[in-house]
Asks: 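Following this message is one structure expressed as structure tokens.
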Amino acid sequence: MVSGLGTTRAVALVGLEGHVVEVQAHLAASIPAFALVGLPDAALSESRDRVRAAVSSTGIPWPQRRITVNLSPAALPKTGTAFDLSVAVATLAGAGHLAARVDEVVHLGELGLDGRLHPVRGVLPAVAAAVAAGYADVVVPAADAAEAALVPGARVRGAADLAEVVRMHGGTVETTPSHPPVARPTVRAAGGPVPGDLADVVGQDDARHAVEVAAAGGHHLLLVGAPGAGKTMLASRLVGVLPDLDEQDAIEVTAIHSVAGTLDPARGLVRRPPFEDPHHTATPAAVVGGGSGVPRPGAASRAHRGVLFMDEAPEFGARVLQTLRQPLEEGHLVIHRSGGTARYPARFQLVLAANPCPCGRAGGKGLDCTCSSLERRRYFARLSGPLLDRVDLQLDVRPVRGVELARSGPRPESTAVVAARVAAARAAAARRLAGTPWRTNAEVPGPWLRRRLGADRTLLTDVDAALDRGLISLRGADRALRVAWTLADLAGRDAPSRADVGQGLALRTRSHHG
């Protein structure tokens, strides 16, 4: 019997980057065997048993030949169960069970032993990579069809089981299994809960202003105050003030959540900035990403173009906090594991909330605090200097007084009113930064900002004095300038004044009020 050769396509994901893989199945007249080569991981190596059982359950006789399946390029590591369908299709094509050519079709999906197709992670970036490489025809599990259809230019066909795929390619199946499509597992939809309204925040004028400045410029924020002062409420409302994601960011954020398995395709692209609030017991891998094999995105990447909120920040492990320094500076994470290296975007706004001491009552005069001065220093020292140096806005949140609670007058500004000012400020920054790689003031390097200020050094008098006295670092000076530009954008000015620079500097000190 003449040996056969079947070829189709799949996609290997490394981080968010997809690589089209040629899946070749060679059937030789020899002792029956099934070999899978091309750097598969453990889950992919096990596809041999899943594919054999799925083909038999579909009613197609398994070829009694020596089958060798090669995943090319062979030097690229392949992970996961999404290769199951392509391995099965290539094998059936080589055995002559398919009438149509499938070498230009991409197949993605996990096979159950009964032949049903199970949804997989990362369908959106995988299909996007296939379309970019010139392979527009894609077959995916029925549960993933809506997600795959989000990619412009993709011709997507969903299938409930392997029998449907065989018939799709001109093959015949003697028995027709009746399989309902496998549903996607229930996930927490990307974007987080619906935020409350800023109008619900009583008092806290300084903190509300800091939230508005943070949203307008994409700045990181630290809120320190006694329990019940409103830190968590303010942080959760920040995401509601942020503008919707543009098309490019929406696709990128949706791809991250597709890989992470937190995407609800029924809602389409993620248009609202995501909100992630990991518990303080979270591990470094949970926050920045990791896992065995090729690492998966963590909360920092899932918060890309949104908010990463860390409540009770000093309670987080030191390793967790220190791993945030790279994404805060560079806007992405590079995670190295034995199974490969993955790069994930992580341009988020970090919001830290902390009590001033272990008992939480050291704010103000601190007369009710039961902690010693050493305990206070040790507690807050868990937030290291290098980490805090990267936080643009740092504010003490005072407890709300009874007179503020009983104050009668107009209701505080709503989220919609503040969001309109934030949108106008971001539009002004976008016009100024047009043609540069930066999107918000928080991303702009200091030298560029200083050149835009012109030759008048009196604008930087306060910054120079703080540098000379050692109150701030050069990084801190640059970040104060970024805040000053944001304050000017909010006020509708073309450039910051000395007062804006001074306020930007003051907002880096927790003693600032008014």
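Keep in mind it's a predicted model, so treat the numbers as computed, not measured. Values reported hereafter were calculated over all heavy atoms of this structure, with side chains retained and with hydrogens, waters and symmetry mates removed.
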Asks: So do Glu164 and Leu162 actually touch side chain to side chain, heavy atoms under 4.5 Å?
Replies: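 Side chain of Leu162 against side chain of Glu164, heavy atoms only: no contact under 4.5 Å found.
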Asks: Going through the distances and angles, do Asp392 and Arg479 end up as a salt bridge (Lys or Arg N to Asp or Glu O under 4.0 Å)?
Replies: CA-CA 6 Å; Asp392 303 347; Arg479 291 185 176 273; 2.8 Å; yes
Asks: Does anything in residues 148-157 form a side-chain hydrogen bond (donor to acceptor under 3.5 Å, both in side chains)? List the pairs, not counting sequence neighbours.
Replies: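 Listed by first then second residue: Asp137-Arg155.
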Asks: Do Arg9 and Tyr135 touch side chain to side chain, with heavy atoms closer than 4.5 Å?
Replies: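 Yes, close enough: below the 4.5 Å cut-off.
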Asks: Kindly determine whether Asp500 and Arg493 satisfy salt bridge (Lys or Arg N to Asp or Glu O under 4.0 Å), including the steps that lead there.
Replies: CA-CA 10 Å; Asp500 292 329; Arg493 290 188 288 271; 2.6 Å; yes
Asks: Less than 4.5 Å apart, any side-chain heavy atom of Phe83 and any of Val21?
Replies: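 Touching, per the 4.5 Å side-chain cut-off.
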Asks: Within the 4.5 Å heavy-atom criterion, are Arg237 and Val211 side-chain neighbours or not?
Replies: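 In short, these two side chains do not touch, never coming nearer than 4.5 Å.
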Asks: Test salt bridge (Lys or Arg N to Asp or Glu O under 4.0 Å) on Arg508 and Asp389; report intermediate values, then the result.
Replies: CA-CA 9 Å; Arg508 287 187 58 81; Asp389 203 31; 3.1 Å; yes
Asks: Between Glu330 and Arg325, is the closest basic N to carboxylate O distance under 4.0 Å?
Replies: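 Here Arg325 does not pair with Glu330 in a salt bridge, since their nearest N and O are not under 4.0 Å apart.
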Asks: Does either side chain, that of Arg343 or that of His332, offer a donor lying less than 3.5 Å from an acceptor on the other one?
Replies: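 The answer is yes; a qualifying pair exists.
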Asks: Counting C-beta onward and ignoring hydrogens, is there a side-chain heavy-atom pair between Leu383 and Leu321 closer than 4.5 Å?
Replies: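 Side chain of Leu383 against side chain of Leu321, heavy atoms only: contact under 4.5 Å found.
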Asks: I'd like to know if the side chain of Ser258 pairs up with that of Glu147 as donor and acceptor (distance under 3.5 Å, no hydrogens or angles considered).
Replies: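 Yes, a side-chain donor-acceptor pair sits under 3.5 Å.
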Asks: Inspect the contact between Asp246 and Arg439 and indicate whether a charged nitrogen and a carboxylate oxygen are less than 4.0 angstrom apart.
Replies: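 Counted as a salt bridge, because a side-chain N and a carboxylate O are separated by less than 4.0 Å.
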Asks: Is there a side-chain contact between Glu329 and Arg475 (heavy atoms, below 4.5 Å)?
Replies: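 Glu329 reaches Arg475 side chain to side chain.
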Asks: Pairs in or reaching into residues 72-84: which pass salt bridge (charged side-chain N to carboxylate O under 4.0 Å, His left out), with residues at least two apart or in two chains?
Replies: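 Applying salt bridge (charged side-chain N to carboxylate O under 4.0 Å, His left out) to every pair that reaches into residues 72-84, excluding sequence neighbours, yields Arg50-Asp84.
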Asks: With a 4.5 Å cut-off on side-chain heavy atoms, are Ser47 and Leu36 touching?
Replies: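 A side-chain contact exists here, since the closest heavy-atom pair is under 4.5 Å.
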Asks: Taking atom CG of Asn441 and atom CH2 of Trp485, what is their separation to the nearest 0.5 Å?
Replies: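 Nearest 0.5 Å value for the CG-CH2 distance: 8.5 Å.
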Asks: Who pairs with Asp197 by salt bridge (charged side-chain N to carboxylate O under 4.0 Å, His left out), at least two apart in sequence or on another chain?
Replies: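 Once residues adjacent in sequence are excluded, Asp197 has no partner under the salt bridge (charged side-chain N to carboxylate O under 4.0 Å, His left out) criterion.
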Asks: Scan side-chain atoms only and decide if Ser57 and Asp114 contain a donor-acceptor pair under the 3.5 Å cut-off.
Replies: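 No pair is found: no donor N or O on one side chain lies under 3.5 Å from an acceptor on the other.
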Asks: Would you say Thr415's side chain and Leu198's backbone share a donor-acceptor pair under 3.5 angstrom?
Replies: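 A pair under 3.5 Å: yes.
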Asks: Is there a donor-acceptor contact under 3.5 Å linking the side chains of Arg319 and Gln322?
Replies: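 No - no donor-acceptor pair under 3.5 Å links their side chains.
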Asks: Indicate yes or no: at least one non-hydrogen side-chain atom of Glu413 is less than 4.5 angstrom from one of Arg421.
Replies: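 Counting from C-beta outward, Glu413 and Arg421 do come under 4.5 Å.
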Asks: Starting at CG of Leu238, measure out to CD of Glu212 and round the result to the nearest 0.5 Å.
Replies: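 It comes to 11.0 Å.
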Asks: Do NZ/NE/NH1/NH2 and the carboxylate oxygens of Asp494 and Arg452 come within less than 4.0 Å?
Replies: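 No.
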Asks: How are the rings of His280 and Phe316 set relative to one another: parallel (under 30°), tilted (30 to 60°) or perpendicular (over 60°)?
Replies: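 Judged by the thresholds at 30° and 60°, the geometry between His280 and Phe316 is perpendicular.
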Asks: When you check the side-chain N and O atoms of Thr81 and Glu110, is any donor under 3.5 Å from an acceptor?
Replies: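 Thr81 vs Glu110: donor-acceptor pair found between side chains.
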Asks: Keeping Thr91 on the side-chain end and Ala25 on the backbone end, is there a donor-acceptor pair under 3.5 Å?
Replies: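 The answer is no, because no donor-acceptor pair under 3.5 Å joins these two groups.
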Asks: Examine the side chains of His107 and His169 and answer whether a donor and an acceptor come within less than 3.5 Å of each other.
Replies: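 Yes.
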Asks: CG/Leu449 to CZ/Arg482 distance, rounded to the nearest 0.5 angstrom?
Replies: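 So the CG of Leu449 and the CZ of Arg482 are separated by 7.0 Å.
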Asks: Would you say His304 and Glu252 are linked by a side-chain donor-acceptor pair, where the criterion is simply a distance under 3.5 Å?
Replies: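 Short answer, yes.
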